[in-house]
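For reference, the structure discussed in these notes is given below.
The chains referred to below are lettered A, B, ... by the order of the sequence lines, with proteins before strands, and numbering in each begins at 1.
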2 protein chains.
Amino acid sequence: MSLRAVKPQHETRTRILDAAEELFMQHGFEATSMRLLTAKAGVNLAAVNYHFGSKLALIEAVFRRRLDPMNLARIAELEQLEAQSRAAAPEEIIRAFLSPTLELVEDAKGGGRNFIRLLGRAYTEPAKPVRQLIGQMHAPVMDRYKSALERALPHMPREELVWRMHFMFGTLAYTLAATDTVQLIAGCKPEDRYDARLLEDRLAAFLNAGLNAPLGNTIRKAA
Amino acid sequence: MSLRAVKPQHETRTRILDAAEELFMQHGFEATSMRLLTAKAGVNLAAVNYHFGSKLALIEAVFRRRLDPMNLARIAELEQLEAQSRAAAPEEIIRAFLSPTLELVEDAKGGGRNFIRLLGRAYTEPAKPVRQLIGQMHAPVMDRYKSALERALPHMPREELVWRMHFMFGTLAYTLAATDTVQLIAGCKPEDRYDARLLEDRLAAFLNAGLNAPLGNTIRKAA
DNA sequence: GTCTATATCCTGATAGAC
DNA sequence: GTCTATCAGGATATAGAC
């Protein structure tokens, strides 16, 4: 008798996660009501609480679904790089960090692109619980990459490296969050905004140059 | 009989704007209620509607108060640069753009620092009206700086320049929004996080290097 | 201009039938 | 597991006394 008789197990969960991903990206966490969300997902209002327990737990699940595999991939790429006989170049490390993220940019149908923009926004989310969540999920990866970059750039002062990593992370976060803002700066063909390989090349070139910028000014003025 | 008998004209407006600046920064726009806001400002709940008309209008006023002078300063610094006999260097243009923003970082008491963090967050704000607001206020300035950078870098393809400006803007936005996240990457002395001159030097070095990164990779792969 | 009181609506969450 | 109905509270905005 059901209209969705062939619904697989856990499809409700997935439908909720997909709808949440899209609506959180469009309107933010606070502004997305469970009513709107469940309506879009085509499920009952009570389903969110039944399957996830609370709105915050749903937010956490949305991030875990994508972020855990992404961070595993980042670690894997870095380990592959470090298994080589020669030392890894800074740009290789940067690309290892970027590529698992940018792969999702091309996944428009699966919702990966939605998530990527959501992720970019979450880094500057005002709500403390959400930022803590993201911070916790990223912390171990950041530590690994920080160590890798320290080995690749042995002469850079630690403090300067931390700042430059911060800058790099910011460039990525904003680029993910605000891909639509490029048009604000100038018209550019929309289709190549989402070419992941091209975007990775552009980002890697910019970030690698920034990471290796001359140290003179800051050292002099800080002294 | 009033407890605040010596209250100057428009002080209520200012108290509301100051409280809004801080609370919007801490909790975001959606999560900041008028009740909390007016309580913090020490004014009546109805005062916001009387003085500003609506919550969105209040948000606009919060941005206008700081952004209009800031963007005027950016234009002024650029015009000063272009009045020189020699051509402006890219790093000079970058610094002209940065410095009016970073000056506010040092204004902890006046609330400037609050606004700066709020501004960083607003760039990736999900709510469309707010982003449109920020976009409109920035558009003329961005045009001017784009033209200036085109003159300073005549050999860079327009499209690449737009991307690099986008990256630069992102670095700034995230740095402003997430000054507390630096500690997530690694412990660093909190007091020098807010040394505007030092921060400008660090940012300018990073951004200038990124802006002038070799073009090889992208050109080759794009072809 | 400032206040109190309130209208109107929407929020996340849950109880309990099916 | 899914539904309806509802709770208790908070949201913006306003009406009207002072």
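Geometric assessment of R74(B) against the ring of F97(B) yields a positive cation-pi assignment under the 6.0 Å and 45° thresholds.
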Protein-nucleotides 7-11 of chain D N/O pairs under 3.5 Å:
residue: dA11(D); atom: OP1; partner: S33(B); partner atom: OG; Å: 3.4
residue: dA11(D); atom: N7; partner: R35(B); partner atom: NH1; Å: 3.4

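Which of dA5(C), dC3(C), dT2(D) sits closest to the side chain of L45(B) comes down to dA5(C). Considering only side-chain atoms of A46(A), the nucleotide from dC3(D), dG1(C), dC3(C) that sits closest is dC3(D).
Of the charged side-chain nitrogens involved, none lies within less than 4.0 Å of a carboxylate oxygen, so that R121(B) and E125(B) do not count as a salt-bridged pair.
A donor-acceptor distance shorter than 3.5 angstrom exists from the side chain of K55(B) to the backbone of F29(B), with no hydrogens or angles considered. When atom types are taken as modelled, the side chain of R131(B) and the backbone of A122(B) share no donor-acceptor pair closer than 3.5 angstrom.
The distance between atom CZ of R15(A) and atom C1' of dT2(D), rounded to the nearest whole Å, is 14 Å. Remark: C1' of dC3(C) and NE2 of H51(B) are 12 Å apart, rounded to the nearest angstrom. The distance between atom CZ of F52(B) and atom C1' of dT14(D), rounded to the nearest whole Å, is 18 Å. Per the geometry, OH belonging to Y50(B) stands 21 Å off P belonging to dA5(C), to the nearest Å.
Surrounding CD of E150(B) are more than 12 heavy atoms belonging to other residues, nucleotides or ligands, all under 6.0 Å away.
For dT4(C), the OP1/OP2 oxygens have a side-chain nitrogen or oxygen of N44(B) closer than 4.0 Å. A sub-4.0 Å separation between OP1 or OP2 of dA13(D) and a side-chain N or O of N49(B) is present. Proximity of T12(B) to the phosphate of dG1(C): no side-chain N or O atom is located under 4.0 Å from OP1 or OP2.
In this structure, the side chain to side chain donor-acceptor pair (under 3.5 Å) partners of D18(B), at least two apart in sequence or on a different chain, are R65(B).
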Show, in sequence, the C-alpha distance, side-chain angles and deciding distance for I59(B) and F63(B), and conclude whether the side-chain contact (heavy atoms from CB on, under 4.5 Å) test is met. CA-CA 6 Å; I59(B) 294 174; F63(B) 281 103; 3.8 Å; yes

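The closest side-chain donor-acceptor pair between H138(B) and Y123(B) falls under 3.5 angstrom.
For the pair A47(B) and G53(A), nearest-nucleotide mapping onto DNA chain C gives the more 5' position to A47(B).
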Pairing of DNA chain D as dot-bracket, 5' to 3': ( ) intra-strand, [ ] crossing, | other strand, . unpaired, with Watson-Crick or G-U pairs under 3.5 Å? ||||||||||||||||||

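The ring of Y174(B) has its center no closer than 6.0 angstrom to the ring center of F167(A).
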